[in-house]
Amino acid sequence: MTLMNGAVAKLSAYNRDAVLSASPVRLLTMLYDRLVLDLSRAETALGEQNWAVAWENLRHADQIVDELSGSLRLDAWSGADGLLQLYIYVSELIVSGNIDRDVAKVSEARSLIEPLRQTWHEAAALLPAASASTSYDSSGSSTGEARDLGIA
């Protein structure tokens with residue numbers, strides 16, 4: 001049992017370090033990855049009538065959507081308000097799906113998030129490795145400042 005606890009503690013520390021050292025772009029893609037995973041797990045659990053597992057995953061998914069909404073800078077770009085409205089709708093689907101134990105609502109939430117997840121991964125892949133944490137002025141010189149991606 002002690003060996004298992006040690007392995008779990010090491011995995012937890014590794015995950016914590018990965019989050020703490022991640023660039024803003026990587027953090028965003030990690031949030032989307034986990035959100036899709038939580039929604040997929042909840043769909044499966046609802047289908048199996050495993051209410052406790054469904055509740056836990058939907059609760060976590062809703063916390064992620066709340067984090068995404070709260071970190072969205074509405075003044076950073078013109079599409080931010082539309083994205084915020086989508087986050088609000090997805091959150092409503094998650095909560096309603098949890099209360100009603102409705103797999104269709106959770107599936108709809110996942111189907112709305114998956115394209116966003118894919119788009120953020122594609123956008124992140126287009127950035128040079130250094131630009132994920134550094135911005136450049138118009139001459140291409142590094143400013144040493146974090147890139148403004150419209151998230152706080």
When clusters are formed by joining ILVMFWY residues with side-chain heavy atoms under 4.5 Å apart, either directly or through shared neighbours, do [X] and [Y] land in the same one?
| X | Y | result |
| --- | --- | --- |
| Leu86 | Leu72 | yes |
| Leu46 | Leu112 | yes |
| Leu37 | Leu28 | no |

Out of Ile99, Val95, Val53, Leu39, which one pairs with Leu58 under the side-chain contact (heavy atoms from CB on, under 4.5 Å) rule?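 Exactly one pass, corresponding to Leu39.
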Of Leu31, Leu116, Ile64, Ile113, which meets side-chain contact (heavy atoms from CB on, under 4.5 Å) against Val36?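 Result for side-chain contact (heavy atoms from CB on, under 4.5 Å) with Val36: Ile113.
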Test log, rule side-chain contact (heavy atoms from CB on, under 4.5 Å), inputs Tyr87 and Asp66: CA-CA 8 Å; Tyr87 287 153; Asp66 187 51; over 6 Å; no
Measure across [X] and [Y] and return the closest heavy-atom pair with its distance rounded to 0.1 Å.
| X | Y | result |
| --- | --- | --- |
| Val90 | Ala109 | CG1-CB, 4.1 Å |
| Ala45 | Ala54 | CB-N, 3.5 Å |
| Glu43 | Val103 | O-CG2, 3.6 Å |

Test log, rule side chain to side chain donor-acceptor pair (under 3.5 Å), inputs Gln118 and Glu114: CA-CA 6 Å; Gln118 184 62 33; Glu114 282 181 330; over 6 Å; no
Is any side-chain heavy atom of Asp33 closer than 4.5 Å to one of Arg117?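 Side-chain contact under 4.5 Å: yes.
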Trp120 side chain near Val25 side chain, heavy-atom distance below 4.5 Å: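 Trp120 does not reach Val25 side chain to side chain.
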Working note: Asn98 + Trp51, criterion side-chain contact (heavy atoms from CB on, under 4.5 Å); need CA distance, chi angles, decisive distance, verdict. CA-CA 9 Å; Asn98 203 1; Trp51 312 129; over 6 Å; no
Please confirm whether the backbone N or O of [Y] pairs with a side-chain atom of [X], one donor and one acceptor, at under 3.5 Å?
| X | Y | value |
| --- | --- | --- |
| Ser91 | Ile88 | no |
| Ser96 | Leu93 | no |
| Ser71 | Glu67 | yes |
| Ser69 | Val65 | yes |

Side chain to side chain donor-acceptor pair (under 3.5 Å) evaluation trace for Thr44 with Arg41: CA-CA 5 Å; Thr44 300; Arg41 286 177 174 171; over 6 Å; no
Rounded distance (nearest 0.5 Å) linking atom [atom1] of [X] with atom [atom2] of [Y]:
| X | Y | atom1 | atom2 | value |
| --- | --- | --- | --- | --- |
| Ile94 | Tyr89 | CD1 | OH | 11.5 Å |
| His60 | Asn57 | NE2 | CG | 8.5 Å |
| Arg34 | Gln63 | CZ | CD | 10.0 Å |

Show me the pairs that pass salt bridge (Lys or Arg N to Asp or Glu O under 4.0 Å) and involve residues 84-101, at least two apart or across chains.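 Matches after skipping sequence neighbours: Asp100-Lys105.
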